[in-house]
Colleague: 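Quick one: this structure, given as structure tokens, is what I'll be asking you about.
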Amino acid sequence: MERVVSRPGVRRLLLVGALVAADQALKLAVSSRLPLGSQLVLWGDALALAPGVNPGASLGILAGSPLLLAAVSLGGAAWVLLRQPSQGRTPFFWPACLVAAGALSNGLDRLRLGGVLDVAALGGRLAFNLADVALLAGALLGVAAAWRSRNESDEAAG
């Protein structure tokens, strides 16, 4: 029996692909113009372009395990993408797309570079990239959607 991908599934794949392409293009644009370890100040001490490879997870955790981190990133992205798409509208569409795209793009960096290519720095300390922003936004939107769904369930039951 042939399985047909639903529209939400196709939209999810297209959106994730576009986000991964945007992140990878931004990383390529910055790293091809600025050497690793350099810095281009954009806004005082607050924001700079500062390409560098982070061999670990957030804050350098598990820096000696790039393949483990790549497997976790890519496995997490696959899990989100391969789940049975919900019929119709779901409050988790955007959170799932953002988290999957961020994990996939950073996972590809880990396979290619042995770490994640960060391209910006906040306050000279917090290094990040577009994939990190997508992951954080997706996580926050997912928590908000779960909270909202729980409250709606409680109201319907009570």
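Residue numbers count from 1 along this sequence.
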Colleague: Check for a donor-acceptor pair, side chain of Ser32 on one end and backbone N or O of Ala29 on the other, with a separation under 3.5 Å.
Modeller: yes
Colleague: Given the rule in the side chain to side chain contact (heavy atoms under 4.5 Å, CB included) test, do Gln39 and Leu49 qualify, once you have shown the distances and angles that lead to the verdict?
Modeller: CA-CA 6 Å; Gln39 189 174 36; Leu49 293 179; over 6 Å; no
Colleague: Return the CG to OG distance between Leu113 and Ser31, rounded to the nearest 0.5 Å.
Modeller: 8.5 Å
Colleague: Taking only residues two or more places apart in sequence or in another chain, which ones pass side chain to side chain contact (heavy atoms under 4.5 Å, CB included) with Leu130?
Modeller: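 Side chain to side chain contact (heavy atoms under 4.5 Å, CB included) check on Leu130 returns Ala22, Asp23, Leu26.
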Colleague: Quick one: do Leu126 and Val41 end up in the same hydrophobic cluster if we chain Ile, Leu, Val, Met, Phe, Trp and Tyr together by side-chain heavy atoms under 4.5 Å apart?
Modeller: no
Colleague: Working to the nearest 0.5 angstrom, can you tell me the gap between Leu117 CG and Asn54 CG?
Modeller: 10.0 Å
Colleague: Do Val99 and Trp147 belong to the same hydrophobic cluster, where Ile, Leu, Val, Met, Phe, Trp and Tyr are linked whenever their side-chain heavy atoms lie under 4.5 Å apart, directly or via other members?
Modeller: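 Different clusters: Val99 never reaches Trp147 through Ile, Leu, Val, Met, Phe, Trp or Tyr contacts under 4.5 Å.
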Colleague: For the residue pair Ala145 and Phe92, what are the closest heavy atoms and their distance?
Modeller: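 Shortest heavy-atom contact: CB-CE2, 3.6 Å.
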Colleague: What is the distance from atom CD of Gln24 to atom CG of Leu108, rounded to the nearest 0.5 Å?
Modeller: 6.0 Å
Colleague: Taking all atoms of both residues into account, what is the closest heavy-atom pair of Ala70 and Arg110, and its distance?
Modeller: N-CD, 3.5 Å
Colleague: Counting C-beta onward and ignoring hydrogens, is there a side-chain heavy-atom pair between Leu141 and Leu98 closer than 4.5 Å?
Modeller: yes
Colleague: Specify the closest pair of heavy atoms between Ser38 and Pro51, including all atoms of both residues, with the distance to one decimal.
Modeller: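 Looks like O-CD, 3.7 Å.
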Colleague: Should Leu13 and Val20 be counted in the same cluster of Ile, Leu, Val, Met, Phe, Trp and Tyr side chains packed under 4.5 Å apart?
Modeller: yes
Colleague: Got a second to check how far Cys97's SG is from Leu19's CG, nearest 0.5 Å?
Modeller: 7.5 Å
Colleague: Are there more than 12 heavy atoms of other residues, nucleotides or ligands under 6.0 Å from atom CZ of Arg33?
Modeller: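 Counting neighbours around CZ of Arg33, 12 or fewer heavy atoms of other residues, nucleotides or ligands fall under 6.0 Å, so no.
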Colleague: Under 6.0 Å from the six-membered ring centre of Phe93 and within 45° of its axis: does the NZ or CZ of Arg11 meet both?
Modeller: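 Judged by the rule (NZ or CZ under 6.0 Å from the ring centre, within 45° of its axis), Arg11 counts as positioned above Phe93.
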Colleague: Restricting to non-hydrogen atoms, name the atom on Ala120 and the atom on Leu47 that form the minimum distance, rounded to 0.1 Å.
Modeller: CB-CD1, 4.5 Å
Colleague: Output the distance between atom CG (Leu74) and atom CG (Asn106), rounded to the nearest 0.5 Å.
Modeller: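 Answer for the CG-CG pair, Leu74 versus Asn106, is 10.0 Å.
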Colleague: Work out which heavy atom in Ala100 is nearest to a heavy atom in Ala77; give both atom names and the distance.
Modeller: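 In this case the closest contact between Ala100 and Ala77 is O-CB, 3.6 Å.
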Colleague: For the CZ atom of Phe128 and the CG atom of Leu135, what is their distance to the nearest 0.5 Å?
Modeller: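 Here the rounded value is 13.0 Å.
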Colleague: Shared ILVMFWY cluster between Leu122 and Leu40, side chains joined below 4.5 angstrom?
Modeller: yes
Colleague: For Ala131 and Ser105, which heavy atoms make the closest approach, and how far apart are they?
Modeller: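 Minimum heavy-atom contact is CB-CB, 4.0 Å.
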Colleague: Can you name the side chain to side chain contact (heavy atoms under 4.5 Å, CB included) partners of Leu140, sequence neighbours left out?
Modeller: Leu136
